[in-house]
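Residue numbering restarts at 1 for every chain, and letters A, B, ... go by the order of the sequence lines.
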Number of protein chains: 2
Amino acid sequence: MTAATERLLTPGEVANLFRVDPKTVTRWATAGRIGSIRTPGGHRRFRETEVKALLSELTTEATEPVRH
Amino acid sequence: MTAATERLLTPGEVANLFRVDPKTVTRWATAGRIGSIRTPGGHRRFRETEVKALLSELTTEATEPVRH
DNA sequence: TGTTACTCGGGTAATTGGGGCG
DNA sequence: GGTGTCCCAATTACCCGAGTAA
């Protein structure tokens, strides 16, 4: 099959990227805001590319210069 | 390849650094004076490096020596 | 096989966002 | 123009015990 296995991230890793609680990442998955893959044991894993893409979309750079 | 792991700060933490109300930090983000990263839920996070840099830029040292 | 760290669940406090007002 | 404050709705953080991952 096609794709070389894509790198998966744990809830804790995703939580570190967004500076939120791992529980919060779980809620995002439950709410359908982010795709998730479940292990046979019930734990969630997330696609790194999807997470990074989400980060980029939600990132806004400063536009106004600093006034001294 | 954008930077992956950068330490992020919550609005409350940034507010403590500047000694202002968290709402004020939100206004800075809205006005484009500071970059922000939003969670899928709508909350904001700020890059620590950017915040610290902003603090430094806006800091002015005394220029005249103390008279005795 | 056993150890350690993490992630399930749920439930309840604490922050945050947004609008409007002085 | 910029900031602090009050309102309310939504999102997020910390508590627990039990199960999974490596």
Side-chain angles (χ1 to χ4, degrees):
Chain A
M1 301 210 315
T2 7
T5 317
E6 186 174 347
R7 179 144 188 256
L8 297 180
L9 300 178
T10 64
E13 290 171 331
V14 178
N16 283 331
L17 293 176
F18 281 90
R19 182 56 157 93
V20 292
D21 194 90
K23 215 56 159 310
T24 300
V25 179
T26 295
R27 292 198 208 94
W28 295 344
T30 303
R33 296 189 217 257
I34 185 176
S36 63
I37 300 173
R38 312 275 299 220
T39 66
H43 286 197
R44 293 182 193 40
R45 299 283 116 101
F46 305 90
R47 302 175 195 276
E48 185 181 33
T49 57
E50 185 180 357
V51 174
K52 293 283 182 70
L54 193 59
L55 257 178
S56 303
E57 291 178 22
L58 298 173
T59 299
T60 303
E61 301 296 337
T63 58
E64 290 290 328
V66 180
R67 301 195 311 284
H68 295 217
Chain B
M1 332 58 290
T2 358
T5 305
E6 212 174 335
R7 285 216 302 176
L8 300 180
L9 301 177
T10 64
E13 291 170 335
V14 177
N16 284 331
L17 291 176
F18 282 92
R19 277 297 223 139
V20 294
D21 194 88
K23 202 106 180 179
T24 300
V25 179
T26 294
R27 293 195 182 102
W28 294 345
T30 303
R33 293 203 186 92
I34 185 175
S36 65
I37 299 171
R38 306 197 64 149
T39 67
H43 286 200
R44 284 177 247 266
R45 300 281 115 103
F46 304 92
R47 299 192 197 94
E48 185 182 35
T49 56
E50 188 177 356
V51 173
K52 294 278 180 76
L54 197 56
L55 269 173
S56 302
E57 288 186 40
L58 300 175
T59 298
T60 303
E61 298 297 338
T63 56
E64 288 291 326
V66 178
R67 282 186 192 287
H68 296 228

Inset, instruction - Could you please name the option among D/dT3, D/dC15, D/dA13 that lies closest to any side-chain atom of A/D21? - result: D/dA13
Legend entry - Complementary nucleotide of D/dG4, counting Watson-Crick and G-U pairs under 3.5 Å: C/dC21
Inset, instruction - Could you please name the option among D/dG2, C/dG11, C/dG10 that lies closest to any side-chain atom of A/R27? - result: C/dG11
Legend entry - A/K23 (side chain) and C/dG11 (base): donor-acceptor pair under 3.5 Å: no
Inset, instruction - Identify, between A/G42 and A/R19, the residue whose nearest nucleotide on DNA chain D lies closer to the 5' end. - result: A/R19
Inset, instruction - If C/dT1 has a Watson-Crick or G-U wobble mate with both distances under 3.5 Å, name it; if not, just say none. - result: none
Inset, instruction - State whether A/T10 places a side-chain N or O below 4.0 Å from either non-bridging phosphate oxygen (OP1 or OP2) of C/dT7. - result: yes
Inset, instruction - Give, for atom CD of A/E57 and atom CD1 of B/I37, the distance between the pair rounded to the nearest 0.5 Å. - result: 13.5 Å
Inset, instruction - Can you tell me the distance, in whole Å, between the CG atom of A/L58 and the C1' atom of D/dT12? - result: 16 Å
Inset, instruction - Determine: side-chain N/O of B/T26 to OP1/OP2 of C/dT16, distance under 4.0 Å, yes or no. - result: no
Inset, instruction - Measure from the side-chain heavy atoms of B/W28 and tell me the nearest of C/dT16, D/dT3, C/dG19. - result: D/dT3
Inset, instruction - Measure from CZ on B/F18 to P on D/dT3 and round the result to the nearest Å. - result: 11 Å
Legend entry - Closest non-hydrogen atom pair, A/L17 against A/K52: CD1-CE, 4.5 Å
Legend entry - Which nucleotide in C/dG18, C/dC6, D/dT11 has an atom nearest any side-chain atom of A/H43: C/dC6
Legend entry - Distance test, side-chain N/O of B/T39 to OP1/OP2 of D/dT11, below 4.0 Å: no
Legend entry - Under 3.5 Å: donor-acceptor pair, side chain of A/E48, backbone of A/E6: no
Legend entry - Taking every non-hydrogen atom, the tightest pair across B/T59 and B/E61: CG2-OE2, 3.9 Å
Legend entry - Shortest non-hydrogen contact between B/P40 and A/L54, atoms and distance: CG-CD2, 3.9 Å
Inset, instruction - Have a look at B/R44 and say if it touches a base, only the backbone sugar-phosphate, or nothing, with a 4.0 Å heavy-atom cut-off. - result: sugar-phosphate
Legend entry - d(CG, A/L8; P, C/dT7) in whole Å: 14 Å
Inset, instruction - Could you please name the option among D/dT20, C/dC8, D/dT12 that lies closest to any side-chain atom of A/P11? - result: C/dC8
Inset, instruction - Just compare D/dG4, C/dG19, D/dA13 and give me whichever is closest to any side-chain atom of B/R45. - result: D/dA13
